[in-house]
Amino acid sequence: MAVEAIDPPGLPKPFGWRQLAVGTGTRVVFLSGQTPRTAEGEPVGLGDLAAQTEQVYLNIATGLAAAGATFDDVLRLTVYVVDWSLDKWEAVTAGAERAAAKLGADVIRPTTLVGVATLAEPDFLIEIEATAIAS
């Protein structure tokens, strides 16, 4: 496996992410921010953060597969959420869990969550970019 996820003693116990990942692969994969659209470009989950989050994770999996990678190879995620507040965490988690169940994958990775005023399109509530390392 190209990535080892670690939650070391001495750092706070994370909830919904990992503290660090160590990559030992040979190819670095940078996946641009994925948005809540289908392959046909149709928007998913207008006004529904959980549905949008699920679609974004599914899109990440598709992008990773194109590079010969999976969520097992993800070193880190950067999550951008419009008008972030802690009460949105439940919807983000629910969407990620639904995607994980569909993919049969562990999508929990070292993650940075950034609250933003807006994204590329006004209906987007979330966008996630991924960095992976594959063999």
Is there side-chain contact between [X] and [Y], with heavy atoms separated by less than 4.5 Å?
X: T24; Y: I133; answer: no
X: I108; Y: R18; answer: yes
X: D73; Y: L64; answer: no
X: L75; Y: P110; answer: no

Hey, quick one: are [X] and [Y] part of the same hydrophobic cluster, counting side-chain heavy atoms closer than 4.5 Å, chains of contacts allowed?
X: L103; Y: I126; result: yes
X: V56; Y: V107; result: yes
X: V74; Y: L113; result: yes
X: L86; Y: V114; result: no
X: F71; Y: L31; result: yes

Next on the checklist: Working to the nearest 0.5 angstrom, can you tell me the gap between D123 CG and Q52 CD?
Outcome noted: 7.5 Å
Checklist outcome for this item: Rounded to the nearest 0.5 angstrom, the CD1-CG distance for I60 and L77 is 5.5 Å
Item to check | side-chain contact (heavy atoms from CB on, under 4.5 Å) assessment of Y80 paired with F124 | outcome: CA-CA 10 Å; Y80 303 93; F124 293 167; over 6 Å; no
Please find the pair of heavy atoms, one from [X] and one from [Y], that lie closest to each other, and give the distance.
X: E127; Y: G33; answer: OE2-CA, 3.3 Å
X: V3; Y: A21; answer: CG1-CB, 3.7 Å
X: V44; Y: A51; answer: CG1-O, 4.0 Å
X: A134; Y: G68; answer: CB-O, 4.4 Å

Item to check | Lys/Arg N to Asp/Glu carboxylate O, D72 vs R109, below 4.0 Å | outcome: yes
Checklist entry - Do K88 and V81 pass the side-chain contact (heavy atoms from CB on, under 4.5 Å) test, and can you show the C-alpha distance, the side-chain angles, and the key distance before you say yes or no? => result CA-CA 9 Å; K88 294 182 179 184; V81 180; 4.2 Å; yes
Next on the checklist: Ignoring hydrogens and geometry beyond distance, is a side-chain donor-acceptor pair present between N59 and Q55 at under 3.5 Å?
Outcome noted: yes
Next on the checklist: If we count only N and O atoms by modelled type, under 3.5 Å, do the side chains of R76 and T111 hold a donor and an acceptor together?
Outcome noted: no
Next on the checklist: Tell me if the CD atom of E90 is crowded by more than 12 foreign heavy atoms within 6.0 Å.
Outcome noted: no
Checklist entry - So, the side chain of Q19 versus the backbone of I6: is there a donor-acceptor pair under 3.5 Å, distance only? => result no
Next on the checklist: Test side-chain contact (heavy atoms from CB on, under 4.5 Å) on E121 and R37; report intermediate values, then the result.
Outcome noted: CA-CA 11 Å; E121 294 186 28; R37 288 196 177 275; 2.4 Å; yes
Next on the checklist: side-chain contact (heavy atoms from CB on, under 4.5 Å), that's the test. Do T35 and L119 meet it? Break it down for me.
Outcome noted: CA-CA 9 Å; T35 60; L119 290 166; over 6 Å; no
